[in-house]
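Heavy-atom basis, side chains included; hydrogens, waters and symmetry copies ignored. Model, not experiment: these values are computed from the prediction.
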Amino acid sequence: MGGIIMQNPIVDMDGDEMTRVLRQVIISELITPYVELKTDYYDLGLPNRDKTGDKVTKDAAEAIKKHRVGVKCATITPNAGRVEEYKLKQMWKSPNATIRGILDGTVFRTPIITSRISPAVRSWKKPITIARHAYGDVYKNVEHRVTGPGRAELLYTYENKKEFRRTIFDFDGPGVIQGQYNTDGSIRSFARACFEYAASVKQDLWFSAKDTISEEYDQTFKSIFEETFETGYRPLFEKLGIKYFYTLIDDAVARVIRSEGGFIWACKNYDGDVMSDMLASAFGSLAMMTSVLVSPDGNFEYEAAHGTVTRHYYRYLKGETTSSNPAATLFAWSGALKKRGEIDGGGALVSFAERLENACIKTIDDGVMTGDLAALCESGGVSAVDYISFISAVRKRLEG
């Protein structure tokens, strides 16, 4: 164990497949040689989630509330194929959605920028941060497969037994229906987190939805954002020289493509999920996207924005060498260590986390990178390496 002392632990949430492998190598090669690592460990791998009835995910979220900082490995959200593959008791919900719901947090995703990779959009000069709402919508939906003719209705029963009822659609044959929800309280927390984050990094904040079509659901988001800004943040934004504005999501997409970047784009849950992947790919690679969940009461959960890299994992199981990109997982750990140091007043831990990030970027800038980045690099002098060689190169620069 290294010499930098941690006063308090971070919540360490293990995950699935190739990212589970990357996590262990990063810890053993880039963290424990330098830091006396303290963690509160939870195994969120799919087999253990199934074994515990997903209680382990809820326990991990409660642990983040206790320790204030957590770092999570990518996990599987099972579909029908995964249920069969892992012989699961049921199709468990997304662990990310479960943790977000318990923490009532907002996810901020930002690309990792390197001089070697030019964004696909030529006008982008600065990172664009996606602020993704972390509650409700399609991730907590109720669905039903309609098998024959009938009427679908929206019914809400108030405590006083008064009912609201409206016909959704009269089916003359098979189809599908879906119900989703959100709460004013969660939307307000989302809005506050976005305005606070924008002020902390001194960047403009955009919010987009589709209130022209969704005259109640999306309109509620729009109204709460406007109210939050006018009653609590307009003077601060004017003082900082930054702006807030709302626009339809289709207009926002067009504006984003024409922009130079350097702002925060707040989106509803599903919109943020999709747009963060689009931005990650356009900036270079989904494996070069950082993600942090921030709760209204000051808790932080760091993770990579990408998935479990299933294809590489199957090759790994066969004993093959893979060129899996560990950068986002590395930044998840450095982000958690940095925040732990900031909260505890541990300057040495903050400094180490920053040096670790710089060593990762320097390695790529020097032309040593995994295959996904090498394929995007337009300049010469590039060495495409496997994940172990890349992590070794990062360690070399960290110690240099």
Side-chain angles (χ1 to χ4, degrees), residues 6-24 26-27 31-32 35-79 82-83 86-108 132-137 139-141 183 185-186 189-190 193 269 273 291-308 328-329 332-333 335-340 343-344:
M6 292 177 59
Q7 296 182 28
N8 294 294
I10 58 176
V11 179
D12 175 11
M13 292 162 282
D14 213 341
D16 289 297
E17 299 185 327
M18 199 63 209
T19 49
R20 189 180 181 99
V21 177
L22 296 177
R23 166 196 166 275
Q24 185 56 53
I26 288 170
I27 291 174
I31 298 176
T32 54
V35 177
E36 292 187 8
L37 187 62
K38 292 183 180 180
T39 64
D40 187 2
Y41 177 82
Y42 295 84
D43 183 0
L44 268 57
L46 189 52
N48 194 49
R49 281 163 33 219
D50 190 61
K51 177 182 177 181
T52 64
D54 209 30
K55 182 177 182 296
V56 65
T57 304
K58 299 170 185 176
D59 290 345
E62 293 298 330
I64 295 173
K65 287 184 177 181
K66 175 182 177 181
H67 298 299
R68 297 188 62 189
V69 181
V71 57
K72 179 181 171 295
C73 194
T75 47
I76 296 171
T77 299
N79 55 19
R82 293 292 201 169
V83 171
Y86 281 86
K87 307 301 179 186
L88 303 178
K89 299 172 187 174
Q90 67 180 70
M91 192 181 298
W92 301 106
K93 294 289 187 179
S94 162
N96 287 349
T98 298
I99 294 170
R100 291 168 195 155
I102 292 173
L103 295 182
D104 190 22
T106 295
V107 177
F108 296 91
R132 175 186 172 188
H133 190 207
Y135 183 79
D137 292 352
Y139 299 88
K140 291 291 185 179
N141 75 81
T183 69
S186 179
S189 294
F190 174 44
N269 206 348
D273 191 1
S291 180
V292 55
L293 174 71
V294 183
S295 74
D297 50 352
N299 300 313
F300 301 82
E301 183 228 35
Y302 295 82
E303 61 179 318
H306 60 74
T308 59
T329 303
W333 275 92
L337 292 172
K338 189 188 304 182
K339 181 56 65 175
R340 180 80 278 166
I343 292 174
D344 296 344

Hey, could you give me the [atom1]/[atom2] distance between [X] and [Y], rounded to the nearest 0.5 Å?
| X | Y | atom1 | atom2 | value |
| --- | --- | --- | --- | --- |
| Glu17 | Leu22 | CD | CG | 11.5 Å |
| Ile31 | Arg23 | CD1 | CZ | 9.0 Å |
| Glu301 | Ser291 | CD | OG | 7.5 Å |
| Arg68 | Asp297 | CZ | CG | 8.5 Å |
| Thr329 | Tyr302 | OG1 | OH | 15.5 Å |

Whether over 12 other heavy atoms sit under 6.0 Å from Lys140 NZ: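 Check passes, neighbour count above 12.
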field: Pair Asp104-Ser295, side chain to side chain donor-acceptor pair (under 3.5 Å): steps then yes or no
entry: CA-CA 6 Å; Asp104 190 22; Ser295 74; over 6 Å; no
Sorted by chain and residue number, the side-chain contact (heavy atoms from CB on, under 4.5 Å) partners of Lys89 (sequence neighbours excluded) come out as Asp50, Trp92
inquiry  = Any side-chain to backbone donor/acceptor pair from Thr19 onto Gly15? Under 3.5 Å, distance only.
reply    = no
| message | Is it true that Asn96 and Ser94 share a donor-acceptor pair across their side chains at a distance under 3.5 Å? | response | no
Pair Thr75-Asp16, side-chain donor/acceptor within less than 3.5 Å
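There is no such pair between these side chains.
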Identify the two heavy atoms, one from [X] and one from [Y], that lie closest to each other, and give their separation to 0.1 Å.
| X | Y | answer |
| --- | --- | --- |
| Glu62 | Ile102 | OE2-CG2, 3.6 Å |
| Ile64 | Phe300 | CG2-O, 4.1 Å |
| Asp40 | Pro9 | N-CB, 4.2 Å |

Check: [Y] and [X] side chains under 4.5 Å, non-hydrogen atoms:
| X | Y | answer |
| --- | --- | --- |
| Val56 | Leu44 | yes |
| Asp54 | Lys93 | no |
| Tyr42 | Asp12 | no |
| Arg49 | Thr57 | yes |
| Pro78 | Tyr86 | no |
| Asp273 | Tyr139 | yes |

**OP:** Would you please classify the geometry between the Tyr135 ring and the His133 ring as parallel, tilted or perpendicular, with 30° and 60° separating the classes?
**Re:** tilted
**Study point:** side chain to side chain donor-acceptor pair (under 3.5 Å) evaluation trace for His67 with Asn8
**Key:** CA-CA 7 Å; His67 298 299; Asn8 294 294; over 6 Å; no
| field | Candidate pair Met91 and Arg82, rule side chain to side chain contact (heavy atoms under 4.5 Å, CB included), full reasoning | value | CA-CA 8 Å; Met91 192 181 298; Arg82 293 292 201 169; over 6 Å; no
